[in-house]
Amino acid sequence: MAEDWLGVEAAPSGSEAEDEGREDGERRHRQLLEAVSSLSGRRRRKLAERTEASVQVSEFNVSCQGTGEKLVLSELLQPIRPQSALSSVRKELSRVKRKKPVELPLSKEEAERVVREAAYVRTSKDVGKWQEVVLQNRRAEQLVFPLRQEIPTLVPLEHAAAAWKARTPLEQEVFALLHRTRQPITDPLLTPAETASLEAMSLEEARQRRAELQRARALQSYYEAKARREKRIKSKKYHRVLKKSKRRKALKEFELLHKSDPEAALARLEELEQLRMQERMSLKHQNKGKWARSRAIMAKYDLEARKALQEQLARNKELTEKVRVELPVEEPDEAVPEEEPPAARPVAPSTANPWMLGKPSGLAPEPQLQEGLGGVAEPGAPGSKEDVEEDEKEEEVSEEEALLQGFAQRRQARRAGSPEGRGAGETEAASELLGDNPISAKGEASPGPEEPPQAQEEPPQAQEEPLLSEQLGRVRTMEEVEALGSEERAEEQKPSAAGAQQRGQQRREGSARAKRAKKPAKKQLLSLQAVLAGEPREAQCPSLPLVLEEEDGGVDQRGVITEAFAGDDVAADFRREKRKAEQAGKPRAVSLALPGWGEWGGGGLRPSAKRLKRFLLKPPPAPPRRDQHLPHAIISERRNIHAAAHQVSELPFPFEKHQQFEQSIRTPLGPTWNTQRAFQRLTAPRVLTRAGHIIPPLAADDVPAGGPGPGSTAQPQRAAGQRQEQPLGRPRGRRRP
Amino acid sequence: QVKIWNLTTRQCIRTIQAHEGFVRGMCARFCGTSFFTVGDDKTVKQWKMESPEHGEEEEPIHTILGKTVYTGIDHHWKEAVFATCGQQVDIWDEQRTSPMCSLTWGFDSISSVKFNPIETYLLGSCASDRNIVLYDMRKSTPLKKVILNMRTNTLCWNPMEAFVFTAANEDYNLYTFDMRFLESPVTVHMDHVSAVLDVDYSPTGKEFVSASFDKSVRIFPVDKGHSREVYHTKRMQHVITVKWTSDNKYILCGSDEMNIRLWKANASEKLGVLAPREKAAMNYNQKLKEKFQYHPKIRRIAQHRHLPKSIFCQIKEQRIMREARRRKELNRRKHSKPGSVPIVSERKKHVVAVVK
């Protein structure tokens, strides 16, 4: 290439002179061309004049010839114009010169790395906006998933109705009807009539009226509630008292009425009478009910039941009382047989007596009396008398005798020729027995009208003849019931304490003296003019020792216990034990003295007292015992190995002090120690999910705008939880990102 | 072959011969109307979820022929975009047959790729050169790479915490990372005695389930280092995949002996409707257990699990080994210049490097 260049250079230099003329022609030609081009108006693009050597040389415009002018160095150095536009360029050039050279472009790896780093920083910043939400959710006391629960929106009725139009003929018809009656169809909820009425009443009035109505309604509801409550009271006593009070009230009223308006009172009385008759006709208070029977059984053991039974019997009697006016003639009639029995005794008892004599109990005198009575009364009122007699007998009969006696009775019955009431069941008999109790009781309570009771006694009793074998158990109980009941009454009224005592003595005397006791007892009864009243009194006897026994037992209990445990003094034992425990708990002095150490002598030597004293290690006094002021307690502070197996040996992680942990354990969770709400709150599960409900991941539009997160449902609970947690001092372990 | 099952009746509804060779991965579209499969025949296929009508042929909606074998696929959570992995991570638009972009960082086969369910432009993938790479779809660049001691098999993003993901590793452990602080994992979950093959988060984001080569499935709380529950049966072999149902009640696992198993996520939970009193009693019992969990006897009862002998022995062995290693380190520290053998926390031990 260099040679080429030289060649090109050399050629013109060699033939300069020859070319002079040609060059001149050329210039002229160019001038001509220029002129022509200027003529055409459009300036031809000037071909670049090449002045430098180059590989690619155009053959057209190579010229080394200048224009002929001489070049001066100063001209070259100076700008063409003194204040040239190049100054700005120069400035720029200088500025560029001042700048450091541009570094090499980064390698591909590095460039990528930069991009990655930038992207990472940005992304982690983006992701960081979730921090709040995440922390909230982690700390939340309870999270309910799915976090966003859609609340079903309720469309107001008007809107729904507006969209709806009547289409079917039925609907149209209905609408037509509504229109005709001017009922409100859409928004206004009042009919024209209602609005009119509204206008008619002033607001004040309406308010007043409303208040009144409200009050009335409230009162009504109160009363209803009260009545319901009262109705639901199960206490029998309460009802009894209530009934009694009612009765009393009625009586009072009646009296008042009597005073004020005798005629009305009479009418009322009539009414009452009617009621009573109805009651009497009905089978109520017949003592055949379940309750009565159960009471009868219970009466043996239970004072309450006994009382109740008595009451019931009294009521029955009261109700079933016949209100016919007794003829005065009858009384002597009845009285006569009563007085007679001693004479009549040999007649009737002739059958029963042989058995009665063998009886070990002191009940013997009674039946005989009754039988005697019955025997005499036979002609007068055969059926009824006999029944009475039978009943009386039954009460006394013990199980073995019952059968035999039954035969006797039947014989008597046959003799009497009164086969009525054969088919009566044993239950009836029992209830009947119950039935005659009040009679006797009444007889005792009011000795005056003794006759009517007997008369009353008759009708129910006339109905049946008892079947024997199955009765026995009941008879026994009844007997006692009666006895006890009458005893109580006797205590209350104290009609004849002496008599009772006597009877008690009688009982204790036993069977041996039974016969001798018969007569005085009978006489006593007669003298009291209470034929039937006598019987319960007799029956009452077995109860006396019974009560005594009970009392004895009660008193003895203490004595028995003290006697049984006479040997050991528990209190002293305890004291000793405590002293021992105290001794054991005291720290002991340790002697470090070694025998023979530092002394002359062989084995078997005891260290000197001085040495002992010197090497004695006295421990510091133990802290005061916790039970030192509690004489009745020993508190052991030693570690219990068996308990230790169940105890926490080291402080678990989130806790910082053992007190915190203990407190957390001590706080109860159960419904027994907490209110229902607290319990629910305490036991609420940490995470709640529902089966079959898809839990979507957090959505990007849940991003907190510096405010609450998507777990807004959890917020109130969380707040509550934190408040509740703080006292426990239980920091939740959360991981540090 | 792809089989679709009805879980309630436990019957196979449909069988599709999807690919020639293995089906390497599949994922359902977020709307649940179709699903994608990738196979060894270098294709990506999209299928309808409902079975074809009678007489109709079983055909994919779309088929994309790729250049390389795909090993995994995951669908975007909101848009019609999915990502496949193989030699590189490709992001595809459903409508196109060529990837929108291909993301690479180094050359290695990538075993799985997962979209972040919350920040949906984020992707995580794990490659066979022991690293976990995060990508950003918006910039189409990788973000960062963590190299662990051993290969990560799968990773799963927490559906409730955008920046947290868990990686199932070959070294028997799982690592929960915070993507903002990749230098060390937040928690190391260790209980498995063999490589962990799959992991899936519960939709509540509080727990995750892992499937392992040691024939067991374990449930870990996110913030605890040890599992709360282990599931195994005599016949269950190496568990390959595991999924948590999206109502948080069940766990599904597929294992080597070609069975799918359905587990309760909370083993002692009663299924079906509970009376309010029953529910209250349950809650109360749960709280009591929680309250007294530190008491030794109660802990013993609560933590007792029966394990097959093989796992039990392996656990024991692992413990001995760990103890020996610890002792050795202690001894080394004792007998060398102070400070020359630093104490490295368990969390830091497993991370080799973080590459920017």
Side-chain angles (χ1 to χ4, degrees), chain A residues 112-113 115-120 122-131 133-134 137-138 143 145-147 645-653 655 661 664-665 667 669-671 679-680 682-687 689-700 702 711 733-737, chain B residues 77-78 105 116-122 134 136 138-139 141-145 157-164 176 178-181 186-187 201-206 222-223 245-250 265 271-272 280 282-288 290-298 355-356:
Chain A
E112 276 179 355
R113 185 178 159 175
V115 170
R116 279 197 304 254
E117 219 163 306
Y120 176 71
R122 198 186 146 201
T123 322
S124 48
K125 209 170 162 190
D126 278 358
V127 167
K129 73 191 169 189
W130 291 100
Q131 179 73 19
V133 182
V134 167
N137 283 352
R138 277 187 203 161
L143 280 177
F145 288 102
L147 286 174
H646 297 273
Q647 284 169 338
V648 182
S649 54
E650 55 190 28
L651 197 63
F653 160 61
F655 300 100
F661 179 63
S664 84
I665 291 296
T667 324
L669 282 178
F679 170 67
Q680 277 170 2
L682 284 172
T683 60
R686 190 58 51 79
V687 173
T689 56
R690 282 187 289 171
H693 286 245
I694 290 175
I695 303 167
L698 277 188
D702 289 339
R734 82 173 164 80
R735 53 206 172 113
R736 161 90 196 90
Chain B
W77 285 79
K78 298 227 167 68
W105 188 350
N116 189 325
I118 306 170
E119 294 293 343
T120 43
Y121 52 83
L122 268 176
L134 302 180
D136 191 339
R138 299 175 298 182
K139 286 281 185 71
T141 59
L143 297 176
K144 226 169 196 185
K145 188 199 260 185
W157 292 91
N158 191 328
M160 287 293 154
E161 302 174 3
F163 40 78
V164 175
T176 298
D178 185 327
M179 70 154 283
R180 298 168 299 169
F181 311 95
V186 178
T187 324
Y201 262 95
S202 91
T204 60
K206 300 270 176 201
V222 172
D223 48 359
T245 60
S246 52
D247 66 345
N248 193 34
K249 293 287 176 195
Y250 300 97
L271 296 179
M282 291 278 220
N283 290 345
Y284 182 39
N285 288 344
Q286 205 58 45
K287 268 284 135 85
L288 282 182
E290 197 177 299
K291 181 180 169 184
F292 293 105
Q293 62 187 334
Y294 306 110
H295 290 252
K297 298 282 171 176
I298 285 163
V355 184
K356 286 179 181 173

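Chain letters run A, B, ... following the sequence lines, proteins first and then strands; every chain starts at 1.
- Proximity to chain B (any heavy atom under 4.5 Å) is shown, for H646(A), by both the backbone and the side chain.
- Using modelled atom types, one side-chain atom of D247(B) and one backbone atom of G692(A) make a donor-acceptor pair closer than 3.5 Å.
- With hydrogens and angles ignored, the 3.5 Å screen pairs no side-chain donor or acceptor of K139(B) with any backbone N or O of R116(A).
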Worksheet entry | Stepwise side chain to side chain donor-acceptor pair (under 3.5 Å) check, W130(A) with E119(B) | CA-CA 10 Å; W130(A) 291 100; E119(B) 294 293 343; 2.4 Å; yes

Worksheet item: Going through the checks in order, is the side chain to side chain contact (heavy atoms under 4.5 Å, CB included) test met by L682(A) and K287(B)?
Response: CA-CA 8 Å; L682(A) 284 172; K287(B) 268 284 135 85; over 6 Å; no

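- The most heavy-atom pairs under 4.5 Å with chain B, out of Q647(A), E112(A), K125(A), come from Q647(A).
- If you measure heavy-atom distances from A684(A) to chain B, the contacts under 4.5 Å come from the backbone alone.
- Under 4.0 Å is where a charged nitrogen must lie from a carboxylate oxygen, and between K144(B) and E117(A) no such pair does.
- Annotation for V164(B) and R138(A): closest pair CG2-NH2, 4.1 Å, computed over non-hydrogen atoms.
- With respect to the salt-bridge test (charged N to carboxylate O, under 4.0 angstrom), the residues R138(B) and D126(A) qualify.
- Nearest heavy atoms, M160(B) versus P696(A): CE-O, 3.4 Å.
- Between L669(A) atom CG and L288(B) atom CG the span is 5.5 Å, to the nearest 0.5 Å.
- Take R122(A) and apply the salt bridge (charged side-chain N to carboxylate O under 4.0 Å, His left out) test, not counting sequence neighbours, and it matches no residue.
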Discussion item. Between I665(A) and H295(B), is the side chain to side chain contact (heavy atoms under 4.5 Å, CB included) condition met? List the steps.
Written reply: CA-CA 10 Å; I665(A) 291 296; H295(B) 290 252; 3.7 Å; yes

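- Interface remark: of the candidates N116(B), T204(B), L271(B), T204(B) forms the most heavy-atom pairs closer than 4.5 Å to chain A.
- Residues P697(A) and W77(B) have side chains in contact (heavy-atom distance under 4.5 Å, counting atoms from C-beta outward).
- Heavy atoms from other residues, nucleotides or ligands lying under 6.0 Å from CD1 of I694(A) number 12 at most.
- Heavy-atom distances place both the backbone and the side chain of V127(A) under 4.5 Å from chain B.
- Contact of the Q131(A) side chain with the R180(B) side chain is registered, since non-hydrogen atoms from C-beta on lie closer than 4.5 Å.
- Using a 4.5 Å heavy-atom threshold, the side chains of I695(A) and S246(B) count as separate.
- With values rounded to the nearest 0.5 angstrom, W105(B) atom CH2 is found 8.5 Å from R113(A) atom CZ.
- The nearest pair of heavy atoms linking E290(B) to R686(A) is OE2-NH2, 3.9 Å.
- Considering OH of Y294(B) and CZ of F655(A), their distance stands at 5.5 Å, rounded to 0.5 Å.
- Rounding to the nearest 0.5 Å gives a distance of 4.5 Å between CG of N248(B) and OG1 of T689(A).
- In terms of heavy-atom pairs under 4.5 Å with chain B, the best-connected choice from A119(A), S124(A), P652(A) is P652(A).
- Heavy-atom distances place the side chain of T141(B), and not its backbone, under 4.5 Å from chain A.
- Atom-to-atom distance recorded for Y120(A):OH and L134(B):CG is 7.5 Å, nearest 0.5 angstrom.
- The distance from atom NZ of K206(B) to atom CG of N137(A), rounded to the nearest 0.5 Å, is 6.0 Å.
- No other option in L143(B), N285(B), L122(B) has as many heavy-atom pairs under 4.5 Å with chain A as L143(B).
- The part of Y121(B) that comes within reach of chain A is its side chain, from C-beta onward, which places non-hydrogen atoms under 4.5 angstrom from that chain.
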